[in-house]
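Encoded as structure tokens, the structure appears first; notes follow it.
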Amino acid sequence: MKTKPFWMAALVGCTMMVGCASQPDNQLKLDGTINGYEGEWIHLAYTVRDTVQVTDSTRIANGAFRFSRPMEVPVAQATLYIGNPMDYRNVKYAGLFIESGELTVAIDTANFSKPEVTGSAAQAESDSLNTVLDPLYAYVQAMRDSVSGNASAERKAYFQKQQEMYADSAKGIQLSFVKSRPHSFVALSYLPFLMGNMTYDELKSIYDNMAPEVKQYGNVGSVRDGLAALERVQPGRPAPLFRAVTWKGDSIGIADLKGKYVLLDFWATWCVPCRKSFPHVKELYKKYHAKGLEVFCVADDDSKPDTWKEVIEKDGIQDFYHVLRGLKWDRSKGVDGMDHTNDISDLYAIHYLPTKYLIDKDGNIIGKFEDEALDAKLKEIFGN
């Protein structure tokens, strides 16, 4: 799984139909207006193909700026930004879709992230979808704001369920949108954000149905990588092998536990649902360990190993095997400083936490399970 620059990961939207696409040698003429940044540089960044990045810069003069350049691709999901991306607290971003022709963009400094764009069919399509999604997001935010810290547990639980329901509705709208537009770059822009909750068969069906032209552009590589990762962890496939250093300093690999059933639990110290699940996992371990169950925990805490070790002690999970996911990150280089070479989470297509896989005695994946399904499967394997 490749990691895209964070300005691309922060964007959502959709792009124009391939039938309206321009030729790669066509010219983009983007005229913009903005107040409050006189004399500063404004930058345009977009992805041509997967990791191939294009950046351009111009200076703001009299509250206006212009970019005039060839378009290497029919449509691009782009970002206008002011400031140094390394200084993420002070940099300002505006997302938009660009294509050849004459485009205009007006940036309101009070709402920098939502520019008004004209001349882009792709942006118009994105705006149309967002008119449906924005009220859902606004309602979820309003519910969050309405729950004070003094609210009862019942009230908090109610609003949490409401938030989840509306969030699921938004995802459903996006997914329906993606499935119905195989010739649109819309699918390509949304798909990386949706595929974490998809099955392999569902994602493969969408990808196979995409028009060949669409598969040439943008961040389609992340979709292919996600599909390959999901294929690796299908039931019946050998569990991807890895070796790492435990919290006690020993070396361990998943292959070392052949002959045992292994519950592979991906978690993080900062993940509340992960830690809330540990009492149940401890019950399962107590119940089935003597019959051949091991618990192997992979934590997303490479940047805070001391906190990781403290939480293992605090939560009373010392009997399990514990390693870090293996993500190395030189933060001085931003996202470009991420090294996924030994990233166990990438191997297992982890998009959310907690995620639990069950592996059989021969080292093959039985499947991905949540609490009730896991209970039933372990009962089937080990009996009462």
Side-chain angles (χ1 to χ4, degrees), residues 5 7-38 40-49 52-82 92-134 174 177-178 180-191 211 213-214 216-220:
W7 61 76
M8 299 303 293
L11 301 179
V12 289
C14 45
T15 52
M16 69 183 291
M17 307 296 283
V18 172
C20 300
S22 60
Q23 296 302 314
D25 59 350
N26 281 358
Q27 194 79 3
L28 165 71
K29 295 180 180 179
L30 176 63
D31 287 300
T33 57
I34 185 172
N35 294 320
Y37 291 92
E38 189 66 22
E40 295 199 32
W41 288 93
I42 186 166
H43 313 279
L44 175 69
Y46 58 95
T47 300
V48 176
R49 289 178 181 84
V52 179
Q53 302 292 322
V54 173
T55 56
D56 201 350
S57 303
T58 189
R59 196 179 288 275
I60 299 169
N62 299 318
F65 58 90
R66 164 174 275 203
F67 288 96
S68 181
R69 57 170 297 108
M71 278 297 295
E72 303 87 344
V73 291
V75 178
Q77 190 178 17
T79 305
L80 289 168
Y81 66 95
I82 295 175
K92 297 289 186 179
Y93 294 100
L96 71 161
F97 289 91
I98 58 174
E99 56 201 67
S100 63
E102 296 184 0
L103 279 61
T104 63
V105 56
I107 299 176
D108 180 356
T109 54
N111 196 12
F112 200 104
S113 64
K114 293 187 176 181
E116 293 185 7
V117 181
T118 58
S120 167
Q123 185 65 45
E125 191 179 3
S126 174
D127 291 342
S128 178
L129 179 57
N130 286 331
T131 58
V132 179
L133 295 173
D134 286 348
Q174 294 168 355
F177 191 87
V178 167
S180 65
R181 287 166 172 79
H183 291 277
S184 174
F185 285 89
V186 175
L188 191 56
S189 65
Y190 270 97
L191 201 49
E213 301 93 329
V214 176
Q216 297 180 42
Y217 299 109
N219 56 356
V220 71

Between the main-chain N or O of [Y] and the side-chain N or O of [X], is there a donor-acceptor pair closer than 3.5 Å?
| X | Y | result |
| --- | --- | --- |
| E40 | I82 | no |
| N62 | A64 | no |
| Q123 | F97 | yes |

[X] and [Y]: which non-hydrogen atoms are nearest, and at how many Å?
| X | Y | value |
| --- | --- | --- |
| S120 | L103 | CB-CD2, 3.8 Å |
| P74 | E99 | O-CB, 3.5 Å |
| N26 | S100 | CB-CB, 3.2 Å |
| S57 | H43 | OG-ND1, 2.7 Å |
| A122 | V75 | CB-CG1, 3.8 Å |
| A45 | T55 | CB-CG2, 4.0 Å |

Enter the distance from [X]:[atom1] to [Y]:[atom2] here, rounded to the nearest 0.5 Å.
| X | Y | atom1 | atom2 | value |
| --- | --- | --- | --- | --- |
| T118 | E102 | OG1 | CD | 10.0 Å |
| T79 | L96 | OG1 | CG | 7.5 Å |
| D56 | I42 | CG | CD1 | 11.0 Å |

Is it the case that more than 12 heavy atoms not belonging to [X] sit under 6.0 Å from its [atom1] atom?
| X | atom1 | answer |
| --- | --- | --- |
| E116 | CD | no |
| D134 | CG | yes |
| Q216 | CD | yes |

A side-chain contact here means heavy atoms from C-beta on lying under 4.5 Å apart; do [X] and [Y] qualify?
| X | Y | value |
| --- | --- | --- |
| L133 | Q174 | yes |
| Y190 | L129 | yes |
| F65 | V105 | yes |
| I34 | L80 | no |
| K92 | I107 | no |

Can a side-chain donor-acceptor contact be found between Q77 and T47 if the only test is distance below 3.5 angstrom? no
Given the options Y46, W41, Y93, Y81 meets ring-ring contact (aromatic ring centres under 6.0 Å, His included) only with Y93
Which of D31, T58, L30 passes side chain to side chain contact (heavy atoms under 4.5 Å, CB included) with R66? Answer is D31
Below 30° counts as parallel, above 60° as perpendicular, anything between as tilted: where do the rings of F112 and Y37 land? perpendicular
